Amino acid sequence: MYEPIRTKSVQRMADDDRTQFPHRSREEELDIQLAGHLAALLAVTEELGDGTAAERIAQQVARLRGAPPARHAGLTGADTSALHRRAHALAGRALVVAASRADTAVAILAAERMDAHAAALGGNRLVGTP
């Protein structure tokens, strides 16, 4: 009554294809994620005009990516307090990933940036609206 299936199972073919694509290790994925958070932090830091911190962040991005980062070319025109809140959040994300991959240098840098942005906001204006 029914014809037998004459082709390979879709699941089986998908399993076979896994060996044909390159895969990254957990450490490589964390490096990519950390470099992304730091690159975003770099853009906000440059917009805030903190050249010294921007250079330190750029060095870490270059170390993780193996090449210097693209530098932020345009300004968003955002309010300074909004930029500090965004930078604080980005530094926090970088800190979490740095701790996960045991990157002490980036963890220290991220914690310092969080402190700097918290101080710029008065320490209590990080959550909620300005």
Side-chain angles (χ1 to χ4, degrees):
M1 192 145 73
Y2 292 104
E3 274 191 55
I5 297 174
R6 295 181 183 168
T7 61
K8 287 186 177 181
S9 167
V10 174
Q11 282 82 15
R12 181 67 190 147
M13 289 187 335
D15 288 344
D16 292 342
D17 287 341
R18 284 187 184 164
T19 59
Q20 296 177 4
F21 297 108
H23 294 284
R24 291 187 286 256
S25 67
R26 181 177 185 274
E27 290 77 21
E28 291 170 325
E29 290 290 342
L30 289 174
D31 284 349
I32 292 167
Q33 187 178 24
L34 183 56
H37 290 317
L38 289 175
L41 179 60
L42 174 62
V44 176
T45 303
E46 286 184 335
E47 187 163 356
L48 285 167
D50 190 348
T52 305
E55 282 305 314
R56 291 180 61 210
I57 296 167
Q59 288 172 354
Q60 294 301 324
V61 173
R63 179 179 61 85
L64 291 165
R65 288 188 175 161
R71 301 305 283 250
H72 187 58
L75 302 176
T76 63
D79 180 41
T80 303
S81 61
L83 290 172
H84 280 293
R85 281 191 300 279
R86 176 152 173 74
H88 187 274
L90 289 166
R93 291 182 190 128
L95 178 59
V96 169
V97 178
S100 177
R101 68 180 294 278
D103 190 330
T104 307
V106 174
I108 291 169
L109 175 61
E112 289 172 357
R113 298 314 312 148
M114 287 180 73
D115 289 344
H117 295 296
L121 289 168
N124 58 358
R125 296 183 56 210
L126 295 174
V127 180
T129 58

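All of these numbers come straight from a predicted model, not from anything done at the bench.
For Ala111, there are no side chain to side chain contact (heavy atoms under 4.5 Å, CB included) partners at least two apart in sequence or on another chain. In this view, Gln59 satisfies the side chain to side chain donor-acceptor pair (under 3.5 Å) rule with no residue, not counting sequence neighbours. With sequence neighbours left out, Ala94 forms a side chain to side chain contact (heavy atoms under 4.5 Å, CB included) with Leu34, His37, Leu38, Ala110. Scored by the side chain to side chain contact (heavy atoms under 4.5 Å, CB included) test, Ala116 finds Arg113 as partners (sequence neighbours excluded). In this structure Ala39 satisfies the side chain to side chain contact (heavy atoms under 4.5 Å, CB included) test together with Arg65, sequence neighbours excluded.
For Leu95 against Ala107, the heavy-atom pair with the smallest separation is CD1-O, 3.4 Å. Closest of all the heavy-atom pairs between Ala53 and Thr45 is CB-CG2, 3.8 Å. Arg24 approaches Glu28 most closely through the heavy-atom pair CA-OE1, 3.1 Å.
One finds the NE2 atom of His88 at 14.5 Å from the CG atom of Leu83 (value rounded to the nearest 0.5 Å). Between the CG atom in Leu121 and the NE2 atom in His84 there is a gap of 6.0 Å [rounded to 0.5 Å]. Going from atom CZ of Arg56 over to atom CG of Asp50 covers 9.5 Å, rounded to the nearest 0.5 Å. To the nearest 0.5 Å, atoms CD (Glu47) and CG (Leu42) are separated by 11.5 Å. Atom-to-atom distance recorded for Met114:CE and Leu109:CG is 12.0 Å, nearest 0.5 angstrom. Distance CD/Glu55 to CD/Glu46: 7.5 Å, rounded to 0.5 Å.
The side-chain hydrogen bond (donor to acceptor under 3.5 Å, both in side chains) pairs that include a residue from residues 97-111 are Arg26-Ser100, Asp31-Arg101, Arg63-Asp103, Arg101-Asp103, where partners are two or more places apart or lie in different chains.
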